[in-house]
Amino acid sequence: DSGVTQTPKHLITATGQRVTLRCSPRSGDLSVYWYQQSLDQGLQFLIQYYNGEERAKGNILERFSAQQFPDLHSELNLSSLELGDSALYFCASSGGAADGYTFGSGTRLTVV
Amino acid sequence: QKEVEQDPGPLSVPEGAIVSLNCTYSNSAFQYFMWYRQYSRKGPELLMYTYSSGNKEDGRFTAQVDKSSKYISLFIRDSQPSDSATYLCAMSEPGGSNYKLTFGKGTLLTVNP
């Protein structure tokens, strides 16, 4: 157990639907990062939150949004889902640059 | 040109072989260099972390950074079947609490008994 908890582990949903992925960071880590991993693109950075505030944005679609709550857990909301959104979504947390990232086990999203 | 380039492999070696995995990068501002190991359908786990140019050793693993050539390597000695996984290089600029890791696409390694 890495200390980063992601739920659900698997999600199957239809095109056009909306889903919410949840992440609880490692105890004491203030930063949460969301990544999307597909076979052809590798790990793509989506967004970072630090202590409740958005700090960096990557290749995140406008249909996607995220937030970090006062208890530091984070949610990634994916709406108007398309077949191409099928991927592994990872959350990672960090205490700072010297720590590296600690990843959760991911949520496998399948859009049918 | 992508910021980080990594040979995707796949790489297949016999047990006991020395494995060399490599990445090149274009962003000279990168200062932190990491290697992650990812088993199938699992989250990546941090394997090695280096800050400066030079070598860092941890058991059978050695990470090497050459900032002048913008080239990093991971060597695995006496490779084991349990080393079979995807290896991802990652790097970042200094940023305190605000830093983003840029990953290579990963190299799939299979160690055959």
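In what follows, chains are A, B, ... by sequence order, proteins preceding strands, each numbered from 1.
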Take a 6.0 Å sphere around NZ of B:K42 and say whether it holds more than 12 heavy atoms from other residues, nucleotides or ligands.
no
For the OG atom of A:S38 and the NZ atom of B:K105, what is their distance to the nearest 0.5 Å?
8.0 Å
Indicate, with yes or no, if B:F61 and B:Y71 share a hydrophobic cluster defined by side-chain heavy-atom contacts under 4.5 Å among Ile, Leu, Val, Met, Phe, Trp and Tyr.
no
Single-linkage hydrophobic cluster, 4.5 Å side-chain cutoff, A:L109 and A:L46 together
yes
Same cluster or not: B:V111 versus B:M48, using hydrophobic residues (I, L, V, M, F, W, Y) connected whenever any side-chain heavy atoms lie under 4.5 Å apart?
yes
Under the side-chain contact (heavy atoms from CB on, under 4.5 Å) rule, what do A:Y33 and B:L101 come out as? Steps first, then yes or no, please.
CA-CA 9 Å; A:Y33 304 79; B:L101 281 180; over 6 Å; no
Okay, A:Q37 and chain B: the region with an atom under 4.5 Å from a heavy atom over there is side chain
Could you grab the distance from atom NZ of A:K9 to atom CZ of B:R41, nearest 0.5 Å is fine?
13.0 Å
Quick check on the hydrophobic clustering: are B:F33 and B:F75 connected, directly or via other members, by side-chain heavy-atom contacts under 4.5 Å?
no
With rounding to the nearest 0.5 Å, note down the distance linking CG in B:L46 to OG in A:S2.
11.5 Å
At their closest point, which heavy atom of A:F45 faces which heavy atom of B:K100, and how far apart are they?
CD2-CD, 2.9 Å
Verify whether the ring centers belonging to A:Y101 and B:Y36 lie closer than 6.0 Å.
no
Given heavy-atom pairs under 4.5 angstrom as the criterion, report whether the side chain, backbone, both or neither of B:Q6 touches chain A.
neither
So for atom CD1, which belongs to A:I12, do other residues, nucleotides or ligands contribute more than 12 heavy atoms lying within a distance under 6.0 Å?
no
